[in-house]
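Working notes, beginning with the structure itself.
In this chain, numbering begins with 1 at the start of the sequence shown.
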Amino acid sequence: MMSQVDLTNDSLKTAFGEKGGQIVHIRDVERGLDCDCVCPGCGSTLIAKKGEVNIHHFAHYDSNGENCNESILHKLGKQIIQNNRYVVAPEIELNSQGTDLADREHQRTFTDNAYKLLFKEVIVEQACGDFRPDLTCIAEREKVHIEVVVTNDISPEKLEKVVESGISMIVIDMSGHNSMEDMDTLEQAVLYEAPRRWAYHPAHSEIREQLSRELEEEIASANLRLKTAVTEHYQLTEQSSSASATPLLSPTPHQVLLLGYSSAFGYSRKKGRDFDISLLKVGKAISGSCSSNYTVRSSSGYEEDTMVFDESLIPTLETMQFPCVAELEVKAAFRNGRPQMIVAGIKS
């Protein structure tokens, strides 16, 4: 029974040779130099070793030691696609991410499953402008370039030219394989299973732009709901039952009447722990709401309330004159292990 071939020097051993312009497997040729094959990578004469001990393989007859595994896989990959005239296209997953004022993450995603891409024609090494893709594949409704890579990915310069051409490109990564594998395994890898990606597809840019627009709208809506909730919670706009009341300082929606601030830290003997607290003094509209057993004759003006703020705002607050109106940027944060809304920015 034949044993596994020693691949410690796989540059001289391969299961594939080139005969009459086609890459052939070791099983399909005669033994020794009668195989009439050359190396698909370097063009050197090959000898077919088909003995009774080692697994059958080709070796370089002149033993020049050149590593041809990458070149053989690259050339064989192109031949497999050209002969079969199809390939499974990569899956697509495009994302656009962002956060709202409360630091909550929002995401819009587009996905498209893998599918078999059939070609009417496959052309090897056809020039496209000033670059030359491995394969130019003509499908029913589109043209697609394909690159088969083993150790070196496509260069940024080549990718730039691909983008300029406006033609899609698929990259198939064969780095996980070697030229001692059988033909069926390598065909399955090239056509279906080897990692692959869209290096470029003109539709993807449009999809990303659409996702970004949808994400911006979603975040803007979330921020508006957050600001409205904060405004309603703190009653930051005046609610006067007197039509003639004209406040000297009149906040618009999403603005606050700022009365002052304080920021301090130290040790509380009463609570037996350190404290660090920064509070804005804001004007909360005096409520004019009535209930079944409580009637407000009239109300106007503000009463003092407090909001926690980030101490990084102190330099800004030190330049402000109080009272004044300002728009607050509010976000959710954890303080002392509990979620809390804090003021993270001020626009006067």
Side-chain angles (χ1 to χ4, degrees), residues 98-106 216 218-291 293-348:
T99 56
D100 60 24
L101 292 175
D103 280 340
R104 293 174 299 194
E105 186 172 294
H106 296 258
E216 289 175 2
E218 181 179 312
I219 291 177
S221 177
N223 288 341
L224 179 60
R225 291 194 301 270
L226 178 63
K227 290 179 179 180
T228 301
V230 171
T231 298
E232 292 175 351
H233 177 75
Y234 287 102
Q235 300 180 22
L236 300 180
T237 54
E238 185 182 22
Q239 300 172 354
S240 174
S241 61
S242 172
S244 61
T246 305
L248 295 176
L249 294 170
S250 180
T252 62
H254 313 311
Q255 285 188 322
V256 178
L257 176 60
L258 291 183
L259 305 176
Y261 73 96
S262 66
S263 181
F265 65 92
Y267 179 78
S268 171
R269 291 189 179 91
K270 182 177 180 180
K271 296 185 177 181
R273 64 170 183 261
D274 294 331
F275 69 88
D276 188 338
I277 188 70
S278 298
L279 295 175
L280 279 178
K281 310 295 183 179
V282 300
K284 178 181 177 181
I286 297 173
S287 176
S289 302
C290 300
S291 67
N293 60 349
Y294 180 83
T295 302
V296 177
R297 293 191 181 91
S298 180
S299 67
S300 183
Y302 301 87
E303 58 185 348
E304 184 180 296
D305 199 358
T306 59
M307 299 178 71
V308 177
F309 71 89
D310 191 306
E311 64 185 54
S312 64
L313 297 178
I314 291 176
T316 300
L317 291 166
E318 288 176 339
T319 65
M320 299 174 68
Q321 293 185 349
F322 301 97
C324 63
V325 293
E327 183 175 343
L328 304 184
E329 178 187 337
V330 183
K331 71 176 184 179
F334 281 90
R335 295 177 63 87
N336 299 322
R338 295 182 300 174
Q340 189 174 22
M341 303 300 293
I342 68 169
V343 177
I346 298 176
K347 296 181 181 179
S348 58

Distance, nearest 0.5 Å, that separates SG of Cys324 from CG of Leu259: 9.0 Å
Correct closest heavy-atom pair for Ile346 and Leu258 would be CG2-CD1, 4.5 Å
Taking everything shown except Gln321 itself, do over 12 heavy atoms lie less than 6.0 Å from its CD? no
Could you give me the CA-CA distance, side-chain angles and deciding distance for Lys281 and Thr306, then say whether side chain to side chain contact (heavy atoms under 4.5 Å, CB included) is met? CA-CA 5 Å; Lys281 310 295 183 179; Thr306 59; 3.9 Å; yes
Show the nearest heavy-atom pair for residues Ile314 and Ser263, with the distance to one decimal. CD1-OG, 3.6 Å
Just checking Tyr267: does its OH atom have more than 12 heavy atoms from other residues, nucleotides or ligands closer to it than 6.0 angstrom? yes
Is the ring pair Tyr261/Phe322 parallel, tilted or perpendicular, if the boundaries are 30 and 60 degrees? tilted
Output for pair (Asp305 CG, Leu279 CG), nearest 0.5 Å, gives 10.0 Å
Supply the atom-to-atom distance Leu317 CG to Glu311 CD, rounded to the nearest 0.5 angstrom. 12.0 Å
If I compare all heavy atoms of Glu105 with all of Thr99, which pair ends up nearest, and what's the gap? CA-CG2, 4.1 Å
Backbone N/O of Thr316 and side chain of Thr319: donor-acceptor pair under 3.5 Å: yes
Closest approach of Phe309 to Leu280 (non-hydrogen atoms, all atoms of both residues): CD2-N, 3.5 Å
